[in-house]
Amino acid sequence: MSGTDQRTRPGSDGAVDTPAKPDTPAKPHGAVDAPAQPVGVQTPTRTASGKPRHLYEVDVLRILTFACVLGVHTTSHTMASDDIGLAGLLSLLHFTRLVFFTLTVFVLVYSYSIRPKPMSVFWPKRFLLVGVPYLAWSFVYVASAWLLDPGQRGDVPALVTTFATGVVTGTAKYHLYFLLVTMQVYLLLPAIMWLVRKTRGHHVWVLVVSLVFQLVVFAGYKYFPASDAWLNGYQKQFFFSYVFFIVSGAIAADHAERFLGFIRTYRRGIMWAFLGGALLTLAVFVVQLLAGQSPYAAGTPLQPIEAVWSTVVFVGFLAIGAWWADRRVPESRLAKVVDYASDRSFGIFLSHPLVIWLLLYGSSPLEALVPKPWLTLVTYLLVVVLAVAITEVFRWTPLSVPLTGRPSLSSRKVRAARAAKRAAAAAAPSVPAASAASGASRA
């Protein structure tokens with residue numbers, strides 16, 4: 001990607017395409033006004049020409065978080081039940097879902113404020129790029145388990161029932177609930193935009209109230225299990241479990257210019273806060289272990305400390321991303337790697353549990369050859385390599401949208417070639433009819 005690319009890529013984070021300049025027609029109700037920027041001065045959100053700047057810092061945040069998602073799932077499947085060290089690592093990695101919801105709404109509201117669309121246009125596009133992969137991968141995971149289960153193989157009604165249940169509840173595989181909640185956020189976008197607009201001037205109080213609400217909800221989930229018994233174990237499948245992260249992402253997007261400027265100005269302090277947050281999270285983990293909780297329970301993701309830690313991680317990863325964005329050299333090898341990883345990240349997210357499952361299925365040779373705890377590291381590296389390879393193959397097939405959430409690269413290449421040909425034809429100087437006829441006859 002060139003340094004002048006102004007797009008915000010679509011993907012699992014809820015981004016929508018943004019043009020080089022906002023559309024001029026009247027905005028739909030609830031749209032957020034993009035702040036005016038001085039022409040000739042580059043800002044955190046605008047180029048020197050005044051066009052929306054591609055937020056390369058968000059690419060880095062996305063990549064780092066996806067890498068940690070793979071770490072969570074790999075570690076949880078390969079660690080020994082009494083490995084306190086890896087359990088402590090898991091407690092630090094459990095920020096991923098909460099950071100992703102903040103990122104999803106941040107990009108969603110930021111993109112929508114630049115190019116607002118009627119919901120009749122927005123919803124079909126977003127549900128195509130997220131809803132279709134959700135259905136496709138739900139079927140892949142349900143059908144795979146069905147084929148390998150001698151007790152159910154051949155029982156088509158059981159396959160249909162399991163698939164339908166998985167789609168409705170987000171349980172076809174342990175990571176797909178994220179897409180279910182993301183689609184809930186899409187449906188709530190008009191309400192989110194309304195809240196942001198109506199509470200301007202009071203956003204600090206909105207953040208405080210939503211944070212208190214979040215801490216109370218997580219405290220109930222963690223310390224008072226009877227309080228959420230009515231959810232029947234489906235706490236993570238509902239948007240109200242992530243209210244603070246949804247609200248904070250939307251408000252950060254509404255103040256994107258100042259927020260990203262703050263990230264750059266106070267980067268050093270943010271990194272110190274990042275270190276302090278990690279130590280505090282580990283301290284809570286140790287205290288809960290000493291209180292008799294299991295390693296998993298001590299580091300479970302839906303607890304109050306994770307709300308604090310995840311917020312610190314979001315800001316910290318964004319600070320790292322801003323450092324990269326400010327030093328990015330267009331067309332450099334590293335820039336291309338980051339662009340590639342960001343583009344493939346959603347497909348890797350969708351497919352990596354399948355890779356973990358295949359690597360560790362049954363009497364896994366990998367488990368027999370590699371002792372713990374080294375099994376975790378080796379499995380992680382294999383998962384990264386194989387998930388990238390699978391995603392790359394899918395990206396060049398007609399199944400790219402359902403399996404990676406992005407248009408096929410082959411079809412995009414064809415469209416780009418046709419567009420370049422038309423542009424070249426339009427730019428060519430006109431020739432007299434006689435000369436053109438003469439040239440045609442010679443051809």
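Aromatic ring orientation, Phe317 versus Phe95: perpendicular (interplanar angle above 60°, classes split at 30° and 60°). Taking the six-membered ring for Trp and thresholds of 30 and 60 degrees, Tyr296 and His94 have ring planes more than 60 degrees apart, a perpendicular arrangement. Note: Phe66 and Phe100 have tilted aromatic rings, judged against thresholds of 30 and 60 degrees for the angle between ring planes.
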Could you pull out all donor-acceptor pairs under 3.5 Å where a side-chain atom in residues 375-383 meets a protein atom, sequence neighbours excluded?
residue : atom : partner : partner atom : Å
Thr376  : OG1  : Thr78   : OG1          : 2.7
Thr379  : OG1  : Leu375  : O            : 2.6
Tyr380  : OH   : Ala67   : O            : 3.0

Distance-only check: which donor-acceptor pairs under 3.5 Å involve side-chain atoms of residues 360-368, not counting sequence neighbours?
residue : atom : partner : partner atom : Å
Ser364  : OG   : Leu359  : O            : 2.6
Ser364  : OG   : Leu366  : N            : 3.2
Ser364  : OG   : Glu367  : N            : 3.3

Please tabulate, one pair per line, all N/O donor-acceptor pairs under 3.5 Å involving side-chain atoms of residues 217-228, not counting sequence neighbours.
residue : atom : partner : partner atom : Å
Tyr221  : OH   : Ser241  : OG           : 2.8
Lys222  : NZ   : Gln293  : OE1          : 2.6
Lys222  : NZ   : Ala297  : O            : 2.4
Tyr223  : OH   : Gln288  : OE1          : 2.6
Ser227  : OG   : Gly220  : O            : 3.2
Ser227  : OG   : Phe224  : O            : 2.6
Asp228  : OD2  : Gln235  : NE2          : 2.4

Intermediate values then yes/no, side-chain contact (heavy atoms from CB on, under 4.5 Å), Leu211 and Val308: CA-CA 9 Å; Leu211 177 59; Val308 177; 5.7 Å; no
side-chain contact (heavy atoms from CB on, under 4.5 Å) between Val313 and Phe274, intermediate numbers included: CA-CA 6 Å; Val313 171; Phe274 186 93; 4.0 Å; yes
Thr165 vs Thr169, side chain to side chain donor-acceptor pair (under 3.5 Å): CA-CA, chis, key distance, verdict: CA-CA 6 Å; Thr165 302; Thr169 61; over 6 Å; no
Val338/Tyr56 under side-chain contact (heavy atoms from CB on, under 4.5 Å): CA gap, chis, key distance, verdict: CA-CA 9 Å; Val338 171; Tyr56 291 104; over 6 Å; no
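Using a 4.5 Å heavy-atom cutoff, the side chains of Lys236 and Tyr242 are in contact.
Of the charged side-chain nitrogens involved, none lies within less than 4.0 Å of a carboxylate oxygen, so that Lys372 and Asp83 do not count as a salt-bridged pair. A salt bridge links Arg62 to Asp59: at least one charged side-chain nitrogen sits closer than 4.0 Å to a carboxylate oxygen.
Checked against side chain to side chain contact (heavy atoms under 4.5 Å, CB included), Ile270 has the following partners two or more places apart in sequence or in another chain: Phe262, Ile263, Val315, Ala319. Considering only residues two or more places apart in sequence or on other chains, Trp323 meets the side chain to side chain contact (heavy atoms under 4.5 Å, CB included) condition with Arg267, Arg327. Partners of His175 by ring-ring contact (aromatic ring centres under 6.0 Å, His included), not counting sequence neighbours, listed by chain and number: Tyr141, Phe349, His352.
Aromatic pair Trp309/Phe314: ring centres not closer than 6.0 Å.
Environment of CZ in Phe139: sparse, with no more than 12 heavy atoms of neighbouring residues, nucleotides or ligands closer than 6.0 Å. For Tyr266, the OH atom counts as loosely surrounded, since its 6.0 Å shell holds 12 or fewer non-hydrogen atoms of other residues, nucleotides or ligands.
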